[in-house]
Protein chains: 2
Amino acid sequence: MSETPFRLSVLDIIQSSHSAVSVLDIEKNLGEHNRVTLYRTIKTFLEQGIIHAISIAGDELRYAMCEDNCGKDSHVHNHLHLQCLTCESVYCVDLPATSFVNNSHHQVDSFEVHARGTCEACLN
Amino acid sequence: MSETPFRLSVLDIIQSSHSAVSVLDIEKNLGEHNRVTLYRTIKTFLEQGIIHAISIAGDELRYAMCEDNCGKDSHVHNHLHLQCLTCESVYCVDLPATSFVNNSHHQVDSFEVHARGTCEACLN
DNA sequence: CATATATTTGCAACTGTGATGCAAATATAA
DNA sequence: TTATATTTGCATCACAGTTGCAAATATATG
Ligand SMILES: [Mn+2]
Ligand SMILES: [Mn+2]
Ligand SMILES: [Zn+2]
Ligand SMILES: [Zn+2]
């Protein structure tokens with residue numbers, strides 16, 4: 001994977017946002033560009049474990065930086081994706097096992113958990 | 001909202017599936033039908049709190065029945081959406097506070113939490 | 001450095017999902 | 001039964017994202 005100027009500017013936009021960004025958010029911060037290249041860049045970043053996608057029903061896909069330990073193969077986050085009911089922003093929040101979804105910083109009203117694993121049927 | 005034959009058959013398909021269904025899953029079980037009507041039916045069911053959408057990044061949207069306490073206004077689930085790594089099915093699983101993501105039935109390898117609430121910035 | 005090879009980019013065209021306006025059909029209310 | 005409200009089908013559109021291919025750019029090798 002080459003570190004081209006285009007890729008570096010996309011990466012910079014994602015990195016410098018404090019909340020998860022949509023394709024449109026990225027485009028607003030890019031100069032003139034080719035949309036196809038952007039989609040391909042995002043796909044590459046996802047495959048390389050550089051960014052992860054955050055999918056919230058009825059809302060655009062958003063992207064955020066991965067943890068340092070993410071790579072081409074391992075891609076585990078296990079953290080909270082908090083969408084603010086006021087500003088609609090989506091943040092990644094670390095999940096210390098002790099405080100499950102709430103901590104002193106934010107306030108959680110409702111949540112759902114997306115898990116990957118093996119279902120009852122497939123365990124047998 | 002009228003209980004038309006078309007709506008009843010869509011509802012029956014969703015209800016009788018033990019895992020969450022995609023639009024394509026529904027279509028495969030419907031006879032000849034109009035695609036627009038199906039999309040409008042799904043939208044109506046979502047608005048009425050009859051079904052809820054499950055959005056998993058890189059995967060089609062799926063739908064599953066809501067809890068009895070869901071309605072036009074309240075739409076809270078707070079349960080686990082488990083996607084099986086083997087069969088790819090997505091199940092809704094109740095979350096007794098004690099066992100957080102694991103229980104004796106399924107095995108969770110990784111998860112993420114989608115939460116709605118108020119972020120640090122907006123709380124101040 | 002020069003050249004060969006691999007990767008990325010831009011363009012054009014396409015696909016699939018879902019939305020919209022409107023008229024006909026159907027359901028509910030009076 | 002008739003009037004009113006809701007739903008459906010059809011045609012058309014909007015938009016996100018994909019694909020094939022050729023030109024441009026980056027990396028590797030001598
Ligand atoms: Mn995250
Ligand atoms: Mn569910
Ligand atoms: Zn906020
Ligand atoms: Zn399974």
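All values derive from a computational prediction rather than experimental measurement. Residue numbering restarts at 1 for every chain, and letters A, B, ... go by the order of the sequence lines.
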inquiry  = If the condition is side chain to side chain donor-acceptor pair (under 3.5 Å), which residues does B/Ser74 pass it with, not counting sequence neighbours?
reply    = none
ask   = In residues 46-60 of chain B, which ones come under 4.0 Å of DNA chain C, going by heavy atoms?
value = none
message = For A/His106 versus A/Val108, what's the shortest heavy-atom pair and its separation?
response = CD2-CG2, 3.5 Å
task = Take the C1' atoms of the five end pairs on each side of the helix from C/dC1-D/dG30 to C/dA30-D/dT1, get both axes, and report the angle to 10 degrees.
result = 40°
key: Residue pairs fulfilling ring pair (Phe, Tyr, Trp, His ring centres under 6.0 Å) with at least one residue in residues 19-50 of chain B, sequence neighbours excluded   = none
message = Could you work out, with side chain to side chain contact (heavy atoms under 4.5 Å, CB included) as the rule, every residue matching A/Ala53, not counting sequence neighbours?
response = A/Leu46, A/Leu61, A/Tyr63, B/Ala57
ask   = With sequence neighbours left out, what residues match B/Ser55 under side chain to side chain donor-acceptor pair (under 3.5 Å)?
value = A/Ser55
Whole-Å distance separating the NZ atom of A/Lys43 from the C1' atom of D/dT18 = 7 Å
request  = For A/Gly49 and A/Cys70, work out which heavy atoms get closest and say how close.
outcome  = O-CB, 3.4 Å
ask   = Hey, which of A/His77, A/His114, A/His81 is the one that makes side-chain hydrogen bond (donor to acceptor under 3.5 Å, both in side chains) with B/Glu112?
value = A/His81
Interface polar pairs with nucleotides 16-18 of chain C, N/O, under 3.5 angstrom:
| residue | atom | partner | partner atom | Å |
| --- | --- | --- | --- | --- |
| C/dG18 | OP2 | B/Tyr39 | OH | 2.9 |

key: Those residues that, when tested against A/Glu47, pass side chain to side chain contact (heavy atoms under 4.5 Å, CB included) (two or more places apart)   = A/Lys43
request  = Quick one: list whatever passes side chain to side chain contact (heavy atoms under 4.5 Å, CB included) with B/Leu123, sequence neighbours left out.
outcome  = A/Gln107, B/Thr118
message = Below 30° counts as parallel, above 60° as perpendicular, anything between as tilted: where do the rings of B/His79 and B/His52 land?
response = tilted
ask   = Which residue pairs satisfy the side-chain hydrogen bond (donor to acceptor under 3.5 Å, both in side chains) criterion with at least one member in residues 2-13 of chain B, sequence neighbours excluded?
value = none
request  = For B/Ile13, check side chain to side chain contact (heavy atoms under 4.5 Å, CB included) against everything at least two apart and list the hits.
outcome  = B/Ile26, B/Asn29, B/Leu30
Pick out the pairs of N or O atoms, protein on one side and nucleotides 2-10 of chain D on the other, that lie under 3.5 Å.
| residue | atom | partner | partner atom | Å |
| --- | --- | --- | --- | --- |
| D/dT7 | OP1 | B/Ser2 | N | 3.1 |
| D/dT7 | OP1 | B/Arg7 | NH1 | 2.5 |
| D/dT7 | OP1 | B/Arg7 | NH2 | 3.3 |
| D/dT7 | O5' | B/Arg7 | NH2 | 3.4 |
| D/dT8 | OP1 | B/Thr4 | OG1 | 2.6 |
| D/dG9 | OP2 | B/Thr37 | OG1 | 2.8 |
| D/dG9 | N7 | B/Arg40 | NH2 | 3.1 |
| D/dG9 | O6 | B/Arg40 | NH2 | 2.9 |

